[in-house]
*Asks:* 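This is the structure I want to talk about, given as structure tokens.
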Amino acid sequence: MSSSTRFHGTFIFPETAIHHYGTLHVNNGRIVSFEAKDASLPTPKVQASSNDIFLEGYVTPGLTDAHVHLCMDGSARPESCLQQGMVHLVATGLHSLKRQLAAGITTVRDLGSPHNLAIDLATAVNNGVVRGPNIVSCGHNITMTGGHGHNFGREADGVDGVRWAAREELKQGAQVLKFMATGGVITKGVQAGAEAYTEAEMRAGSHEAHKKGKHTAAHAQGLTGILNALRAGIDTIEHGAFDHWNDESLDLLRTRFLVPTLAAPEGIVTGGSEIPEWIVAKTSPIVDAHRSNIHEAWQADVPIVAGSDAGTPMNPHGRLIR
């Protein structure tokens, strides 16, 4: 691209959600101005060598996927992907970045990758070594001993243990911290939605993040775990309730953010026979409740952020639109 380029087309501006036809002026990769035009007027013909580029369809700003796992490949058996060697995991992460960027996603929030690889990928993107979306990474998710995600996370117990784990992840370069407030569906032997970390444990970790100006997230599916996370000051609730909300949870959620990741359970229940039966058995009973509860939260004016949980079974990267 030349240092100065004019893009002609129909643009969608998120502030108003209104479509505007016109010309976007870009200089050295930065948007300089937008000039609205009458879409009914004929577009002049220009030489291919000019700095004018005519765009098909609609043009939107870069999208954000607020919940991904870059080093998981979206195959039917996530545990087999995580057991691969380091080179395979890095290659998976690079492929995920390519798919996300091709889908118009310019920022992703990675909420758990083994060996802190997503932090390294973020550095590589920032240094121009590889092309990809901006990465906000938690490094390892922080979970209780034997808790959800323990096979690729950092295990820690008790207030002091969680505080130490939070400090370690921040030391390694984490830009957000993620805590497992409940069990989940893709960790064998863990009851989905069951309470895991206590309010006090998550408060200790959240405090360490906030001291450094970082946000916090909690994998939270059951209502008890969600309330523990919200009372502890966690900023974003990932997935949402398997149980019905109560008034306290909705009141607190209105001051935070909910990331539903509705594509994750859908991928599991429609993914076919290759997905392990124990994952399907844990997921099937909660799919309808998950959708219903997210709709209820939306009606209650809870701020909702788009996140796909890309990398989980039959939930590939680059499909945030799903």
Side-chain angles (χ1 to χ4, degrees), residues 62-74 78 81-101 105-143 147-156 161-180 184 186-187 202 204-219 234-236 238 259 261 305 307-312 317-318 320:
L63 303 176
T64 296
D65 190 333
H67 190 132
V68 306
H69 298 279
L70 291 170
C71 292
M72 294 170 62
D73 61 6
C81 171
L82 294 170
Q83 291 167 0
Q84 299 296 326
M86 189 75 75
V87 172
H88 185 100
L89 288 169
V90 171
T92 298
L94 293 173
H95 183 65
S96 300
L97 291 179
K98 182 178 179 180
R99 288 183 63 105
Q100 294 282 13
L101 197 59
I105 297 164
T106 54
T107 297
V108 296
R109 190 173 62 148
D110 185 280
L111 289 184
S113 290
H115 313 296
N116 276 342
L117 286 176
I119 292 177
D120 294 335
L121 289 171
T123 301
V125 171
N126 291 340
N127 291 341
V129 177
V130 298
R131 293 188 71 230
N134 175 53
I135 302 169
V136 178
S137 174
C138 78
H140 297 109
N141 60 73
I142 301 173
T143 188
H148 180 51
H150 69 84
N151 51 336
F152 65 98
R154 180 187 290 274
E155 292 176 302
V162 173
R163 180 181 292 113
W164 171 82
R167 289 174 176 175
E168 280 291 307
E169 290 305 314
L170 292 166
K171 175 184 175 182
Q172 297 299 320
Q175 296 300 305
V176 60
L177 293 185
K178 181 188 180 186
F179 304 93
M180 297 304 200
I186 66 170
T187 302
M202 283 186 285
S206 182
H207 181 63
E208 293 302 317
H210 292 158
K211 283 196 304 187
K212 289 187 172 291
K214 309 298 183 185
H215 289 107
T216 53
H219 165 100
I234 298 295
D235 299 299
T236 71
E238 312 300 309
V259 186
T261 68
V305 178
S308 67
D309 210 0
T312 54
H317 288 270
L320 179 62

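Because the structure is a prediction, the values reported are computed rather than measured.
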*Asks:* Nearest 0.5 Å please: distance from the NE2 atom of His95 over to the CG atom of Asp73.
*Replies:*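 Rounded to the nearest 0.5 Å, the NE2-CG separation comes out at 8.5 Å.
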*Asks:* Could you tell me whether a side-chain N or O of Thr261 sits under 3.5 Å from a main-chain N or O of Gly307, the two making a donor and an acceptor?
*Replies:*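 Judged by distance alone, no pair lies under 3.5 Å.
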*Asks:* With a 4.5 Å limit on heavy-atom distance, are the side chains of Leu101 and Pro133 in contact?
*Replies:*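 Yes, at least one pair of side-chain atoms sits under 4.5 Å.
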*Asks:* Can you sort out the partners of His148 under ring pair (Phe, Tyr, Trp, His ring centres under 6.0 Å), two or more places apart, ordered by chain and number?
*Replies:*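 Testing His148 for ring pair (Phe, Tyr, Trp, His ring centres under 6.0 Å), a comparison that skips the adjacent residues, returns His219.
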*Asks:* Write out all pairs satisfying salt bridge (charged side-chain N to carboxylate O under 4.0 Å, His left out) with one or both partners inside residues 169-179, taking only residues at least two apart or from two chains.
*Replies:*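 Checked against salt bridge (charged side-chain N to carboxylate O under 4.0 Å, His left out) - neighbours excluded - the pairs reaching residues 169-179 are Arg154-Glu169.
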*Asks:* Are more than 12 heavy atoms from other residues, nucleotides or ligands located less than 6.0 Å from atom NE2 of His150?
*Replies:*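 Yes, because the 6.0 Å sphere around NE2 of His150 holds more than 12 heavy atoms from other groups.
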*Asks:* Which is it for Asn141 and Leu111 under the side chain to side chain contact (heavy atoms under 4.5 Å, CB included) test, yes or no, and what are the steps along the way?
*Replies:* CA-CA 7 Å; Asn141 60 73; Leu111 289 184; over 6 Å; no
*Asks:* Under 4.5 Å between any side-chain heavy atoms of Leu94 and Val90, yes or no?
*Replies:*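 Answer yes - side chains close enough.
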*Asks:* Which residue pairs pass the side chain to side chain donor-acceptor pair (under 3.5 Å) test when at least one of the two sits in residues 127-138, sequence neighbours left out?
*Replies:*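 Applying side chain to side chain donor-acceptor pair (under 3.5 Å) to every pair that reaches into residues 127-138, excluding sequence neighbours, yields nothing.
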*Asks:* With sequence neighbours excluded, tell me which residues meet side-chain contact (heavy atoms from CB on, under 4.5 Å) with His88.
*Replies:*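 For His88, the residues satisfying side-chain contact (heavy atoms from CB on, under 4.5 Å) (neighbours in sequence not counted) are Gln84, Thr92.
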*Asks:* With a 4.5 Å heavy-atom cut-off, do Ser96 and Val68 have their side chains touching?
*Replies:*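 Contact flag for Ser96/Val68 side chains = no.
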*Asks:* In Å and rounded to the nearest 0.5 Å, what is the NZ to CD distance from Lys212 to Gln175?
*Replies:*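 It comes to 11.0 Å.
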*Asks:* Return the set of residues passing side chain to side chain donor-acceptor pair (under 3.5 Å) with Arg99 (not counting sequence neighbours), or none when no residue passes.
*Replies:*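 Applying side chain to side chain donor-acceptor pair (under 3.5 Å) to Arg99 gives none.
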*Asks:* Taking side-chain contact (heavy atoms from CB on, under 4.5 Å) as the definition, give me every residue that meets it alongside Glu208, ordered by chain and number, with sequence neighbours left out.
*Replies:*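 For Glu208 the side-chain contact (heavy atoms from CB on, under 4.5 Å) partners, ignoring immediate neighbours, are Arg163, Ala166, Arg167, Leu170, Lys211.
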*Asks:* To the nearest 0.5 Å, tell me how far Met86 CE sits from Cys71 SG.
*Replies:*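 These two atoms lie 9.5 Å from each other.
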*Asks:* Any idea which heavy atoms bring Cys81 and Leu89 closest together, and the distance?
*Replies:*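 It is O-CD2, 3.6 Å.
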*Asks:* Indicate the atoms forming the closest heavy-atom contact of Gly147 with Thr187, along with that distance.
*Replies:*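 So the minimum-distance heavy-atom pair works out to O-CG2, 4.0 Å.
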*Asks:* At what distance, to the nearest 0.5 angstrom, does NE2 of His215 lie from OG of Ser206?
*Replies:*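 Going from NE2 on His215 over to OG on Ser206, the span is 10.0 Å.
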*Asks:* So, does Asp309 use its side chain to make a donor-acceptor pair with the main chain of His67 at under 3.5 Å?
*Replies:*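 Here the side-chain-to-backbone pair does not exist.
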*Asks:* Only counting residues at least two apart or in another chain, list the ones meeting side-chain contact (heavy atoms from CB on, under 4.5 Å) with Ala122.
*Replies:*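 With neighbours one apart ignored, the set is Ile135.
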*Asks:* Rounded to the nearest 0.5 Å, how far apart are CD1 of Ile105 and OG1 of Thr64?
*Replies:*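 So the CD1 of Ile105 and the OG1 of Thr64 are separated by 8.5 Å.
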*Asks:* Between Met72 and Leu82, which heavy-atom pair has the shortest distance, and what is it?
*Replies:*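 In terms of heavy atoms, the two residues are closest at CG-CD2, 3.7 Å.
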*Asks:* Taking only residues two or more places apart in sequence or in another chain, which ones pass salt bridge (charged side-chain N to carboxylate O under 4.0 Å, His left out) with Lys98?
*Replies:*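 Applying salt bridge (charged side-chain N to carboxylate O under 4.0 Å, His left out) to Lys98 gives none.
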*Asks:* Going by the rule side chain to side chain donor-acceptor pair (under 3.5 Å), which residues pair with Asp65 if we only count those two or more places apart in sequence or in a different chain?
*Replies:*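 If we apply the side chain to side chain donor-acceptor pair (under 3.5 Å) test to Asp65, skipping adjacent residues, the hits are Ser308.
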*Asks:* Where the side chain of His317 meets the backbone of His69, is there a donor-acceptor pair that is under 3.5 Å apart?
*Replies:*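 Checked: pair present.
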*Asks:* Applying side chain to side chain donor-acceptor pair (under 3.5 Å), which residue pairs with at least one partner in residues 108-121 are found, sequence neighbours left out?
*Replies:*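 Every pair satisfying side chain to side chain donor-acceptor pair (under 3.5 Å) with a residue in residues 108-121: Arg109-Thr236, Arg109-Glu238, Asp110-Ser113, Asn116-His140.
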*Asks:* Compare all side-chain heavy atoms of Lys214 with those of Val176 and state whether any distance is below 4.5 angstrom.
*Replies:*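 Result no, sub-4.5 Å side-chain heavy-atom pair not found.
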*Asks:* Can you tell me how far apart CG (Leu177) and NE2 (His207) are? Round to the nearest 0.5 Å.
*Replies:*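 Answer for the CG-NE2 pair, Leu177 versus His207, is 13.0 Å.
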